[in-house]
Every structure is written in C-alpha cells, then in structure tokens.
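Sequential numbering from 1 along the given sequence is applied to the chain's residues.
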Amino acid sequence: MNSNKLNGEVYYPSEEVISKAHIKDWEQLNEFATNNYEKFWEDLANELHWFKKWDKVLDDSNKPFFKWFTGGITNISYNCLDVHTKTHRRNKLALIWEGENGDTKTYSYFALHRETCKFANILKSLGVQKGDRVTIYMGRVPEIVIAMLACARIGAIHSVVYGGFSVESLAERIEDSNSKVLIVADGAYQRGKIVPLKQIADEALQRCGTVEHVLVVKRTGQEVNMEFGRDMWLHELMNLPVASRECSLEKMDAEDPLFILYTSGTTGKPKAILHTHGGYMVGTYASLKYVFDIHEEDRYWCAADPGWITGHSYIVYGPLLNGATSFLYEGAPNFPYPNRWWAMIEKYGINILYTAPTAIRGLMRFGEAWVNRHDLSSLRLLGSVGEPINPEAWKWYYKVVGKEKCPIMDTWWQTETGMFMITPMPCVPLKPGSGTRPFPGIQMDVVDENGNSVKANEEGFLVIKTPWPSMIRTVWNDDERYINQYWSKYPGMYLTGDSVRRDEDGYYWIIGRVDDVIKVSGYRLGTAEIESALVSHPAVAEAAAIGLPHEIKGNAIYTFVILKNGFTKSTQLIEELRQHVSHEVGPIAKPESIEIVDSLPKTRSGKIMRRVLKARALGQDPGNISTLEE
Ligand code: 6R9
C-alpha cells in the first residue's frame, strides 16, 4: 500500500518523529514479520534473558492451546529487574510515584530489585510456593508493583483485583482462584477521600474461606481491624530478618503461568484469563518498544490502573522489561484541580502519556486554559486505549495536549491478547478514531455471521487468524469455556467480541462490543455481574442491565428491575439499590438509572433480550424480534 495516498482525514508523522523512531518503515517490518512470522518473534525473544533457549518458537500441535517458546526457561521478574541491575541501568529510576496527597517515592532498578526480593522472601516464609495463587487488592501505590514482581520471582501466580471493585467481586475472585494469601492496603486515596480497602476485604473474607494470611500495606493510616494470626503489617515484616535482600528465584518454563486476571465476558461469572512467563514477556516487551518507541532517556506514563490488563502489561511488565522509567500516580486526574495531570507532566518531564478516551473527555470538559498553564514540551508521544476514541477527543488531545507534534497511538487490544493488536507506530500515518492496522505479522479479519470476510467499509465481527506470543492460554480451570468463548463460533479464528469496519486503506475502525460486555469509562463490566448484584437484594425479583452512550464515560449502565411482591417503587428504594450494586460490585458498576418495570422482554426460552431494551431506550428499531415471547 502506498501510504501517500490514504483516504479521509490523515495526519502524517513529522520527519522529526520518524528520525527518532525505532521503526522508520512500518511496511517493511510488516512484510518481514508476515513472511517470517516465527523468526520475527524469535529475534525479539532473543533480546531478553533466557536461562535456557527454547526448542520450538510456536507449538500449534494442540490447537487452540497454542504454546510459545516451548522448552525455554526464563523468569519475567528476572528480566524486569536483575538484568538491569547488572548494567548501566542499575541506578536508573525504574519507578517514580506520586500520591494523590503529594507524597512521592522513587525506586532505582537496584532499589526495586531489593524491595522485590525482600517481599518475595516474606511470601516464601508464609509458605507460598510455585504455582500458588496470591490475590492483590490495592490502589495505585508502588507496593502493588513490588507485590506482582515478588510473586513472579518465586513462581506464584498473582491475581490482582482492581481497587475499585468491592465486596462480592473480591470474594468471588479470591474463591475462584483459591488464594491462600491476600495482599491488601489499609486504604487508597481517591479524590480526597479514603477508599477503605481493608474493611472491604474483611467483609469479602467472611464470604470465602480460602485465605490463611493477609499482608497489609499501610498507606492511608486510618485504624483498621487486624485479625490476630491472620493479618500482618507488611512494613513490620519488611524489617525482620526473614525479609532478606537475597532471594533465590524460581526458574520458570516459558509456558508456566505468570498471572490470572479476571475479566467480564458473555454471561455468567467473570473468568480468569491466564498468561505465561515466556510468551507474555516477549509480547509486552516488543509491543511497547515499537509502539511507544521506548528510548533510554524516556519518562513514560501509563495512567491506567495496575489492576487492569493495561496496567499489568504497560505499567508493570512492558516498561520494566524495556528498562524504562515508569511513572505511577495514585489519584484522580482533577484533584485538587483539573491541572493535576498537566502539572505532573511538567514537573517530571514526562515524554510519553498513555491514557483512555474517557479521561481525555473528562479533562477536555474543564477547558484548554488548565492545560495551557503548563509547559508540556517534554511530550513526544501520546496514547489511547480502552474504547473507541471519538474524533473530537482525538483532535483535542492532539492539538491541546500534544501541540500538533505528538502522534497518538490508539491501541486496540484486550485482557486476552496481553499486548497491542491493532495499533499504529510513530512512523504510521494516522486517522482520528482508527487504531490503524494490526501489529506486524498478525492476521486479522472482519467477517460476517458465517465467517466470510466482508467488503471494505462494511461492519462485521473482528477475528484474529494467527496465534501470537502473549495470547490467552486458557480460562483458569475452565478449558471448555476457553474453547467455547473464543474458538467455537468460527473454527480456526479467535473471536474478539468486537464489531468493526475496515476501510479501503485497511484501517480498522472499532465500533464496540457485540456481546454482554459494557465498557464504562474504559472499565470492562458484564451485564451479568450487575444483574446478579441487583437480584441479591431482597426487593428484587429480576433485573436486566444494558449500556447506553454517555458523553464522558463512553457507555453508562441502565438497569431495569422487577420488584418482588410486597415491595413498592420509591426514590429511596432506587437509591438503596444503586448503593447495593456499588457495595457488591464496586462504584464503577453503580447504575446511572434504575427503572422499575412490570416485565422484561424475553425469548421464549426465557433469556432477557437486552437488545430490545437497548433499542427501545434509544428509540430505535429493535430488529428481528421473532423469538420474543408474547
Ligand atoms: C486493553 C483493554 C477489551 C475491549 C475490546 C474493545 C475495547 C480496547 C480499544 C477498544 C476501541 C481501542 N477496546 N481498546 N476499543 N479502540 N483502542 O481495554 O482490555 O479491558 O479486556 O477490554 O476494550 O471493545 O474488546 P479489556
């Protein structure tokens, strides 16, 4: 394709950007990767440390259970830390942290390695062994990074639960993963208030019986309940001889599990996506290097939360594998004022900012003046993730934040993919609202109901046709769900759950989810979680949740509830139900609206037709309703 003749509104990268970029010619790289797929990944894997090299790059003998770098022995935590402490990066900053209240902490690679080893020794002393699951429930503090790296060092499988989730979400994730250890903070600062994480965890622990030890990180300092024999303060243990600075590491098979991360899918409970030490390491390392063009002197900021996949791949593992300096901020973007982000970019000299459309739209609302008060000239690249970015927000980000000199990397990917899958690189011409094309070598397609490719500009289902190193290996303890969910609709194609349009230049335009997943402010939630929280309230007989467009959040949750006999509709009850969802699932899941109804549209087999509810709410034609019950 000739990149000089693209259709529509196109933003071409400047000579300056291209001259600095690792990849100057995307077409050439893509051609190489397409024709030499395994060699492409093997070369990248060779840039990392392996105690023993692999026998095979890709093993596809048992599809769809693909394996990568089989026979290889490595450890991702070793590659994130130990490797750098042996080089000029030893005293380079690995992590800069700013708390919402202005506290700061910095860790060199040496220091982050030391803290990780100490933490890992504490875990070992609690009996944590290779393969054991450890649940982590914290805000955006350095200890969450250290806890993840410590687990990985000793081969334990971490399961991070986002700090914005609440009692039932946490309980069900602890139980499903059968974690014996929980690492929690006393609280987290969020918009000037304290989120009482330990208190939420205490309530969750009453609902599930697997946890034997709780490590508590002191952050907010309010009084918390400490159960004798179960709960211990981390800072006290870190001062004991058991927290030695020497910690032998576990040599991991490339296919050994690294972490599980729960995410919402079509119907039912959240499922735990499994990622591994080898392939995930190569995928996150390479994608970050090429897309955010990491250079030695960069200060990189991914403003996501470590509790979501974006944080796992691009706050923790990707940046550290690249030996970068990563910035982590604890609090809200507009606290105490809407210039907080811009002030920090100026203060720390951030070069790369990676965030979500919802944050951009939220900050855009406060106007340009807040941005223009600050010198943002350090910025070189911008990024977006989590949901489609509308062209207005794209242009504001490009002009007001990036001063028309920073390309925007709109990266499409998923918890399941582990790494960027549709993404530009700095040298690629951009179209506002499109993530451009698939990562080099990866074959994707847009197909109809029968799995046939659709024509340019027609809407269809997004599928992936080639395996990739950081792909989901399975759903934890549920191989069947892995096959059914992702590989059963079209044989040989991974089903993403998104609908998309591909234009005449091969650029992809994501439209949104086609299943029961709702992206609220970029957070992935399932209708089932919200509905089951509602139904767990004594007044509720049945409930249905849908997502409707929202100016800032992208989507907002609308719910419809049938009350049990004996309960009557009141504003007080509706508020109580909203609070109930917030308490059970988390504040992010709190419905925008709860409508009390007498009946719900259902199929004859009794399934709620959310599509019909959505069409009604939007005043649209509900389409085919032949299966609707009388
Ligand atoms: C990384 C992450 C995955 C879903 C995905 C899609 C949506 C993510 C996007 C995007 C349009 C982008 N999504 N990035 N849509 N443009 N750049 O968000 O993972 O939480 O698993 O969600 O998010 O719908 O299928 P996850």
Side-chain angles (χ1 to χ4, degrees), residues 20 22 47-49 76-120 138-150 152-153 217 219 235 238 245 247 281 284-285 288-289 291-306 310-331 340-355 374-383:
K20 169 122 189 170
H22 286 304
E47 294 178 18
L48 295 157
H49 182 87
I76 196 171
S77 191
Y78 183 89
N79 273 288
C80 286
L81 299 170
D82 303 55
V83 163
H84 306 306
T85 60
K86 298 178 174 60
T87 69
H88 61 283
R89 293 189 183 129
R90 182 180 174 82
N91 296 319
K92 175 177 174 175
L93 290 185
L95 189 64
I96 303 174
W97 174 78
E98 185 163 310
E100 194 183 72
N101 62 353
D103 290 351
T104 57
K105 275 188 196 172
T106 54
Y107 296 81
S108 63
Y109 273 93
F110 170 79
L112 198 61
H113 175 258
R114 180 192 66 220
E115 296 302 296
T116 300
C117 287
K118 290 174 63 125
F119 202 127
M138 269 190 255
R140 286 186 291 269
V141 288
E143 287 81 359
I144 192 168
V145 179
I146 295 165
M148 290 164 74
L149 293 165
R153 184 171 185 89
V217 173
R219 166 63 187 133
H235 64 272
M238 285 292 250
R245 296 167 58 160
C247 173
M281 171 172 83
T284 52
Y285 163 76
L288 186 67
K289 174 176 170 175
V291 174
F292 283 108
D293 204 37
I294 301 294
H295 289 270
E296 200 60 71
E297 65 281 13
D298 280 335
R299 285 195 166 177
Y300 158 89
W301 179 18
C302 167
D305 192 284
T310 307
H312 279 54
S313 298
Y314 298 114
I315 294 178
V316 183
Y317 292 113
L320 296 175
L321 289 167
N322 277 282
T325 298
S326 196
F327 176 65
L328 182 68
Y329 166 60
E330 179 182 41
R340 181 64 184 266
W341 272 23
W342 322 124
M344 292 188 301
I345 290 171
E346 179 175 13
K347 175 176 170 191
Y348 295 105
I350 303 289
N351 308 105
I352 303 162
L353 171 66
Y354 183 33
T355 183
H374 297 278
D375 175 4
L376 304 185
S377 58
S378 59
L379 287 174
R380 188 175 94 245
L381 289 172
L382 301 173

Rounded to the nearest 0.5 Å, how far apart are [atom1] of [X] and [atom2] of [Y]?
| X | Y | atom1 | atom2 | answer |
| --- | --- | --- | --- | --- |
| E346 | S377 | CD | OG | 8.5 Å |
| C117 | I146 | SG | CD1 | 11.0 Å |
| L353 | F327 | CG | CZ | 10.5 Å |
| N322 | L48 | CG | CG | 8.5 Å |
| L379 | W342 | CG | CH2 | 8.5 Å |
| E98 | D103 | CD | CG | 9.0 Å |

Qualifying residues under salt bridge (charged side-chain N to carboxylate O under 4.0 Å, His left out), relative to K289, sequence neighbours excluded: E47
Residues two or more places apart in sequence or in another chain: which of them pass salt bridge (charged side-chain N to carboxylate O under 4.0 Å, His left out) with R380?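 With neighbours one apart ignored, the set is D293, D298.
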Are [X] and [Y] side-chain neighbours, meaning at least one heavy-atom pair lies under 4.5 Å?
| X | Y | answer |
| --- | --- | --- |
| R90 | H84 | no |
| L321 | I76 | yes |
| W301 | W341 | yes |
| W97 | V145 | no |
| L288 | Y300 | yes |

For T104 and K347: C-alpha separation, side-chain torsions, deciding distance, then whether side-chain contact (heavy atoms from CB on, under 4.5 Å) applies. CA-CA 12 Å; T104 57; K347 175 176 170 191; 4.2 Å; yes
Carboxylate-amine/guanidinium contact R340 E100, below 4.0 Å: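 Salt bridge flag = no for E100 with R340.
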Starting from the C-alpha separation in whole Å, work towards a yes-or-no answer on side-chain contact (heavy atoms from CB on, under 4.5 Å) for I315 and Y354. CA-CA 10 Å; I315 294 178; Y354 183 33; over 6 Å; no
Minimal non-hydrogen separation, [X] against [Y], with atom names:
| X | Y | result |
| --- | --- | --- |
| S77 | D82 | O-OD1, 3.9 Å |
| L381 | V291 | CD1-O, 4.2 Å |
| Y317 | C80 | CD2-SG, 3.8 Å |
| G323 | K92 | O-NZ, 2.7 Å |
| L93 | R299 | CD1-NH2, 3.8 Å |
| P306 | H312 | O-ND1, 2.8 Å |

Using a 3.5 Å distance criterion without hydrogens, assess whether the side chain of H235 forms a donor-acceptor pair with backbone atoms of V217. no
For the side chain of R140 and the backbone of Y329, is there at least one donor-acceptor N/O pair under 3.5 Å apart?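 The answer is yes, because a donor-acceptor pair under 3.5 Å joins these two groups.
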With sequence neighbours excluded, tell me which residues meet side-chain contact (heavy atoms from CB on, under 4.5 Å) with A94.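 By the side-chain contact (heavy atoms from CB on, under 4.5 Å) rule, A94 matches Y109, L112, L320.
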Of all residues at least two apart in sequence or in a different chain, which pass the side chain to side chain donor-acceptor pair (under 3.5 Å) check with S378?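 Partners of S378 by the side chain to side chain donor-acceptor pair (under 3.5 Å) criterion come out as none, since no residue qualifies.
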Check the pair I352, I294 against side-chain contact (heavy atoms from CB on, under 4.5 Å), reporting the backbone distance first and the verdict last. CA-CA 9 Å; I352 303 162; I294 301 294; 4.0 Å; yes
For H374 and M344: C-alpha separation, side-chain torsions, deciding distance, then whether side-chain contact (heavy atoms from CB on, under 4.5 Å) applies. CA-CA 9 Å; H374 297 278; M344 292 188 301; over 6 Å; no
Fit a plane to each ring of H22 and H295, take the angle between them on a 0 to 90° scale, and name the class: parallel (under 30°), tilted (30 to 60°) or perpendicular (over 60°). parallel
Does H49 have any ring pair (Phe, Tyr, Trp, His ring centres under 6.0 Å) partners at least two apart in sequence or in another chain, and if so, which? F51, Y78
Contact list for residues 311-331, test salt bridge (Lys or Arg N to Asp or Glu O under 4.0 Å), sequence neighbours left out: R219-E330
